[in-house]
Every structure is written in C-alpha cells, then in structure tokens.
Amino acid sequence: MTSLESGITKLLGRLSIDPSIRQSAVAQELNVTRSAVNQLWKKLEIEHNLRILSNLDYKSIGFHHIYGWVSTRSDIDSITKFQHWIKNNQYIVRVLKSQLTSKMDNRVLFEALVPEGNDLRLFIDTLQRFRKKPYSLDVIYDFTTNVANHFNFGYFNGTSWAFQTDFRFEASIDAAKQYADILPVGQSRRQGPLGRASIQDVIIAATIESDYFSTSSHISNILYRVGLNLPSERTLRRRINKFRSTIAQPYISLDHIGLERIIGITIDASAQSNISKLMRSQAVTLPKVRVLTGSDTIVLILGLPPQTDLFHISNAMTHIVKAPSEMCTFIAEQVRDTRWLENIIHKMTVRRRDKKTRPTR
C-alpha cells in the first residue's frame, strides 16, 4: 500500500495542476520554505522516480507520432511475429500486450516516433503487410493529432485511491454526454504542420521530452558528446526556453504510487465525433491516463488501482460508445521499457557518425 505524507500529497496536487511550476513558486504558494519543497521533491525522486516529462509537437521537428493496435481472435503465431517485429523496431517507443480483452481477442498496442521520409514509408508498408497473407491480422494505425497525459490526485487520500469504477463511473460519463461539444478537453500537445529541424534542435527537443527542466549545461554536454558544434550558452538557453513554450507540454511521471493496473481502451471514432470529444474531456477525471487522438481513432491508457475490475469499465464504456463507433477495453502488460526520442536520436547520430568515419574505396 502506498503511503505519502500530507506535504507530499499537497506538492503533487499542485504539480498536477501545472507541472511546469518551479520549486520556488510551489514553496510560495504552499507558504513553506524552498528547502522544505526541495526535500520533498528529492524524496519523491528517490522513492517514486518523480520526473517532469514532456509531450512534444513531434511534427514540428520532422517526426511523426504514430499509434495503433493489432488484433486477432485465433492466429497467435502471427500476432507473436508482429509483436517481435514491433518490439524491436528502432522507432517504437511503447508496446502493450493484452492479457484479457472485452472482445476476447489478442491485442498489441504500440506507439512510434518515425522521421519523415523513407523510414516512414518503410514503417507504414510493414504495418500494411501484416494485414495480408500469411498474417491476416486486423491492423489499425493512426497519425497522432493530439497527445496528453493527466494525473488526478483528487482520488488519493495519502494511502489509497478512492476511484470507483462501478455504476458511478458510468453515470458520471453518461451525464457529460450531452455537453461533449462544450466541455473543456484538458491540456494536450497538438501536432502541428510538418517542419524541419537541425539535428542540434532535435537533440534539444529530445532532452526536454525526457526532462522538462533540463539545463543548458546538460544539453551542451550531450551536444559535445555527439560531436556537434556548441552554440553560446545564451543562445542555447534562448532555444531551450523557446522549445518549452512552443512545442513542449509537461506532465508528471511517478512510479510505485498504487496505480499498477494498466487498462487500455481503443475506440474507432472520428476526432470530430461526440464520443472522441467526450473521452478527451473526461480523461482529466481519471487518476492517471495517457490520451492519444488521431483523425479516426482515440486511445486511452489508464493507470488504475490493482483491484480495479475490467468488467465495470468495459460495461460502462459499452453503454456509452454506440455504433458505428467500435470500442475495446483490455488489461495490458508492458512488454518493453518505454523509449524516448533521445534513444532514437542516439541511434541516428551513431549511424551518422559511422557513415562519416567509414573508409572510402
């Protein structure tokens, strides 16, 4: 059982409202010393791996965020082969495998960050190949238009989560249906027009993704290690601040907080549909959720208390999501550690360096 002192729960409650807030500002708002906040922050880092991460506008730096799922009711061998490919693909950042689904099938959910160009075409071609014989898998994928992460500590009393997934869960969402068009959807990072960026700027963005508060000295060290020219510290700080304000959306990441059960919800529904707007608006009421929205689909990845019953969630969603939209809920397990843009960039810079040093014939 998770047990956190009241000072920590207050700190987390404030961070969940605005993850970009500095420790000094938190101390001022909570009327405590900067030292006290720092002590609690360090404790969370050590015991719960507290990090302030960022969702990025990946398209602005030349990358496409792609997500999707593959399913089958019978061909375990084919979906195992797909899982092996997707898990080892250099552009994959997250893979979840179903343990039990509401459709009684086998399902693999994935997210990828793929650069524009030949690599993107090859990635999409391979996905489509798994639709054909000999695999014949159901393959759904979409290009992300919005990505968001929400942490709601309103259900946490310091020792346990009071989140209910019985009829009250269904009733609260059902009551919001008629207001789907006007309900706020919470903060998210919209994917803008496709842009081009130097490898230097991509590295800056990637570092902010895995540490929103990353310093100019830390990024300078990274640029130096990969053999890139270093801008002046003033120029680098200005570019970091610009990226934070224009392409980054910070969010809290915590481990060992009593939300170990991973529930996935996949919905085939247009981004303009009421169900898509409803799910995005109600996501902020869940304890922990990652929301991926595309043109024709929406995915929610929930972190919930271990005792959460899939049946209640599935039953509630079935009553809310009506035809022609199609929905599946499933208990999931993570089959690989989450990777970040910086992991992908590392491989790209190594490959770039190898090409430069390869002897000519």
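Nothing fancy with the numbering, it's 1 onward along the sequence. Only a predicted model underlies this, so the values are computations on that prediction, with no experimental measurement involved.
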Student: Between Glu342 and Ser210, do the side chains contain a donor N or O and an acceptor N or O under 3.5 Å apart?
Tutor: yes
Student: More than 12 heavy atoms of other residues, nucleotides or ligands under 6.0 Å from CD of Gln83: is that the case?
Tutor: yes
Student: Does atom CD (Gln28) have a neighbourhood of more than 12 heavy atoms from anything else shown, all under 6.0 Å?
Tutor: no
Student: Apply side-chain hydrogen bond (donor to acceptor under 3.5 Å, both in side chains) to Asn146 and Thr144, showing your working.
Tutor: CA-CA 6 Å; Asn146 285 83; Thr144 306; over 6 Å; no
Student: Regarding Glu111 and His65, do their side chains bring together a donor and an acceptor under 3.5 Å, going by distance alone?
Tutor: yes
Student: Of all the heavy-atom pairs spanning Phe63 and Pro115, show the shortest one and how long it is.
Tutor: CD2-N, 3.7 Å
Student: Aromatic rings Phe143 and Tyr141: how do their planes relate, parallel, tilted or perpendicular, breaks at 30° and 60°?
Tutor: perpendicular
Student: Please work out whether the ring planes of Phe110 and Phe123 are parallel, tilted or perpendicular, with thresholds of 30° and 60°.
Tutor: perpendicular
Student: Any side-chain donor-acceptor pair under 3.5 Å between Asp142 and Thr297?
Tutor: yes
Student: How are the rings of Phe82 and Phe130 set to each other: parallel, tilted or perpendicular (split at 30° and 60°)?
Tutor: perpendicular
Student: Quick check with a 6.0 Å cut-off and a 45 degree axis cone: is Arg244 positioned over the face of Tyr212's six-membered ring?
Tutor: yes
Student: Around atom CD of Gln39, are there more than 12 heavy atoms from other residues, nucleotides or ligands closer than 6.0 Å?
Tutor: no
Student: With a 3.5 Å cut-off and no angle check, do the side chains of Thr33 and Ser35 form a donor-acceptor pair?
Tutor: no
Student: Begin with the C-alpha distance, continue with both residues' side-chain angles, and end with the deciding distance and a verdict on side chain to side chain contact (heavy atoms under 4.5 Å, CB included) for Val147 and Tyr67.
Tutor: CA-CA 11 Å; Val147 56; Tyr67 69 89; over 6 Å; no
Student: Do you reckon Leu96 sits in the same ILVMFWY cluster as Val108, going by side-chain contacts under 4.5 Å, direct or chained?
Tutor: no
Student: For a side chain to side chain contact (heavy atoms under 4.5 Å, CB included) check, start with the C-alpha distance between Thr159 and Asn157, then their side-chain angles and the critical distance, and finish with the verdict.
Tutor: CA-CA 6 Å; Thr159 57; Asn157 61 14; 3.1 Å; yes
Student: Should we say atom CG of Asp125 is surrounded by more than 12 heavy atoms from elsewhere, each under 6.0 Å from it?
Tutor: yes
Student: For Ile240 versus Ser216, what's the shortest heavy-atom pair and its separation?
Tutor: CD1-CA, 3.7 Å
Student: Go through it in stages, so that I can follow the logic: the residues are Leu137 and Ile79, the test is side chain to side chain contact (heavy atoms under 4.5 Å, CB included), and I'd like the CA-CA distance, side-chain angles, deciding distance and then a yes or no.
Tutor: CA-CA 7 Å; Leu137 296 172; Ile79 203 166; 4.3 Å; yes
Student: Measure across Arg94 and Arg290 and return the closest heavy-atom pair with its distance rounded to 0.1 Å.
Tutor: NH1-NE, 3.2 Å
